[in-house]
Amino acid sequence: MKTSNLLLATTRETPSDAVVISHQLMIRAGMIRPLAGGLYNWLPLGLRVLRKVEAIVRQEMNRSGAQEVLMPLVQPLELWQESGRDQDMGQEMLRFTDRHDRPFVLGPTHEEIITDLVRREIRSYKQLPINFYQIQTKFRDERRPRFGVMRSREFIMKDAYSFHLSRESLQETYEVMHQTYSQIFNRMGLNFRAVQADTGAIGGDGSHEFHVLADSGEDDIAICQNSGYAANVELAEAIAPSQSRSAPGQNLEKIATPKQHTIEEVSAFLQQPYQKILKTLLVKGADPAQPIIALVLRGDHELNEIKAEKHPLIAAPLTLVNENEIFAAIGCNAGSIGPVGLPIPIICDRAAAVCADFVCGANQDGFHLQGVNWERDLPLPSTFDLRKVVAGDPSPCGQGPLSIFKGIEVGHIFQLGNKYSTALNATVQNENSRAQVLEMGCYGIGVTRVVAAAIEQNHDERGIIWPDALAPFQVCIVPMQMHKSPRVAEAAQTLYQALLAQGVEVLLDDRSERPGVMFSDMDLIGIPHRIVISERGLDNGLVEYKYRREPQAEEIPHADFMAFLTQRLSEGAR
RNA sequence: CGGAGUAUAGCGCAGUCUGGUAGCGCACCUGUUUUGGGUACAGGUGGUCGGGGGUUCGAAUCCCUCUACUCCGACCA
């Protein structure tokens, strides 16, 4: 490809509404253009990258034994009513009617469709296990699309669905998908982690998310560097403290703390560290007889809502009690609650349970208690893992401390069990000629999101730095003064043709632009391998080569150049 | 969905308070210049000032209304 034939729609300025770097760079590099909220046109350069991602996904899915299908974006609402998810999806699913007034939806996902297909086509256990996938557009009417293609309304997803007679078979395919996903993201050259994930409302035995590590990620991931343990912070267990509680050393004392509410304020006022102060949060209870439950955590710890709502006494979804209800129940405001003498059930985080001589609210505005000790001043309540893990916590694997990283979720694999197959009555005949409900797994990759995530992880102040496997072109040729120098023009053309003949994806910048413009554009769009052809180089029998990721260019003797470049290209593709 | 904000040339913005000839930078076109990191000069194209309604001799500017977009929050494979 020559730049004269390519819509190289680079811009110097960043649109003001793009806040994350990938969104800014995708627009500046001319990969995408916004059409409407959460909807984007993919320009030629961006589409080349998107196709790279798809190709790798497709190859590896095929290699895993999965079969590609294509299911409609438009789906009858009826199937969603049959599965019961019509209600669950709510406004996120775009609904409309056709000319005959029949209700349809734009598919936010395809579990219902594939399950319907399978119940019609798969009759015998002998056809199992089977795994179908597609690379298809989804539409989710996000409340708030943002971050460009990272969270858009229309996006491309690879989704796969496997069907099994047994849990064991499902587990096997799940493992295969786990390996396949690792292979996919490795081939893409991304720094990622497979992390244990919450299975959410669907339940089931296992779920892993695949996260690309990047500071701009929306999710927190706890990683143990020693063992490779990785879990979403939502899930990561804060293991019980190994040290036991110290003996009481102070007397219980009630202190006036006028207008001190937050942990920060109380800490400064009483000159006590955060971890000596316990906070008490009131949440709604699951049992109407116990409508309010108190949760006690150390001041430096944060409540993990996902964990908390798994407690049988706590209502799910977790709901904090509002100020009015707090005052009605306790007689003070939120910043002054404490566990001492509290007339409602108390659940204490395990770390808070080993605190001694701590500070807490006195259940009276303007007062705190100091020198409080469990079992001496109040009974030790039941304990539970309520908090989010923090960096430095011991890992549940027992092999070292946890670090916290930010991640962008690009893949999710899930053992669904029989939720959809039961709802839609997807069965096969088993060996005993009896109808048996299928076990099901689902496996997604956010194809468009991968493109953005790759940029989040690979960029500098000049622009994108594509991993070789995702780059829209492998090589760019930047000739100096090509339009004035027949020698340069000829050398550039010769090299261009030679690379094309070898099947290298090469972009020749044949524009009559200043060198600075060409360099800036090539850096911005992130072509990994850059070759500069100049009079100066030709005079000395040298060709300049620069790898986008490296700071320095090198001069290579002309005679050795093709071999050199071939070597560099194979290293990049490694 | 709650809160806040924005809408003026393809992009980024000023002008709005205090009504009176629609501007700047980038981009684009012409020409000259320059040629190893977004060059310089000169000239030029491009606008229903988001839509509708109102006030006024006169509205980008004041009032009403609608729409779209963005940010924060809540939510989320």
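Below, read A as the first sequence line, B as the second, and so on, with proteins coming before strands; counting in each chain starts at 1. Keep in mind it's a predicted model, so treat the numbers as computed, not measured. Only this structure's heavy atoms are used, side chains among them; waters, hydrogens and symmetry mates stay out.
- Listed by chain and residue number, nothing satisfies the ring pair (Phe, Tyr, Trp, His ring centres under 6.0 Å) test with A:F327 (two or more places apart in sequence, or in another chain).
- At least one side-chain heavy atom of A:L386 sits under 4.5 Å from a side-chain heavy atom of A:L297.
- B:G36 atom P lies 14 Å from atom CD of A:E555, rounded to whole Å.
- The existence of a salt bridge linking A:D509 and A:R511 is confirmed by a sub-4.0 Å separation between a basic side-chain nitrogen and an acidic carboxylate oxygen.
- RNA chain B is contacted by A:R28 of residues 22-34 of chain A, taking any non-hydrogen atom closer than 4.0 Å.
- Across all strands shown, A:D521 has heavy atoms under 4.0 Å from base atoms, whether or not it also approaches the sugar-phosphate.
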- Item | Summary of protein contacts for nucleotides 69-75 of chain B, nucleotide by nucleotide, where a base hit scores B, a sugar-phosphate-only hit scores S (4.0 Å, heavy atoms) | SSSBBBB
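- Contact annotation for A:V478: no contact, since no heavy-atom pair falls under 4.0 Å across all strands.
- If you check B:U39, B:A77, B:G36 against the side chain of A:R514, the one that comes closest is B:U39.
- One finds a salt bridge joining A:E218 and A:R151 here, because a Lys/Arg side-chain nitrogen approaches an Asp/Glu carboxylate oxygen to under 4.0 Å.
- Comparing the same atom, P, in B:U21 and in B:A59 gives a spacing of 12 Å after rounding to whole Å.
- Electrostatic pairing of A:R487 and A:E490 does not count as a salt bridge here, judged by no charged N lying under 4.0 Å from a carboxylate O.
- For the C1' atoms, the distance linking B:G58 with B:G12 amounts to 31 Å, nearest Å.
- We find that A:K388 and A:D220 are not joined by a salt bridge, their nearest charged nitrogen and carboxylate oxygen being 4.0 Å or further apart.
- Distance CD (A:E111) to P (B:A77): 12 Å, rounded to an integer number of Å.
- For the side chain to side chain contact (heavy atoms under 4.5 Å, CB included) test with A:K158, the passing option among A:V57, A:I184, A:V450 is A:V57; the others fail.
- Of all nucleotides present, only B:A4 satisfies the Watson-Crick or G-U wobble test against B:U70, with each distance under 3.5 Å.
- A cation-pi contact, defined as under 6.0 Å to the ring centre and within 45° of the axis, links A:R568 to A:Y547.
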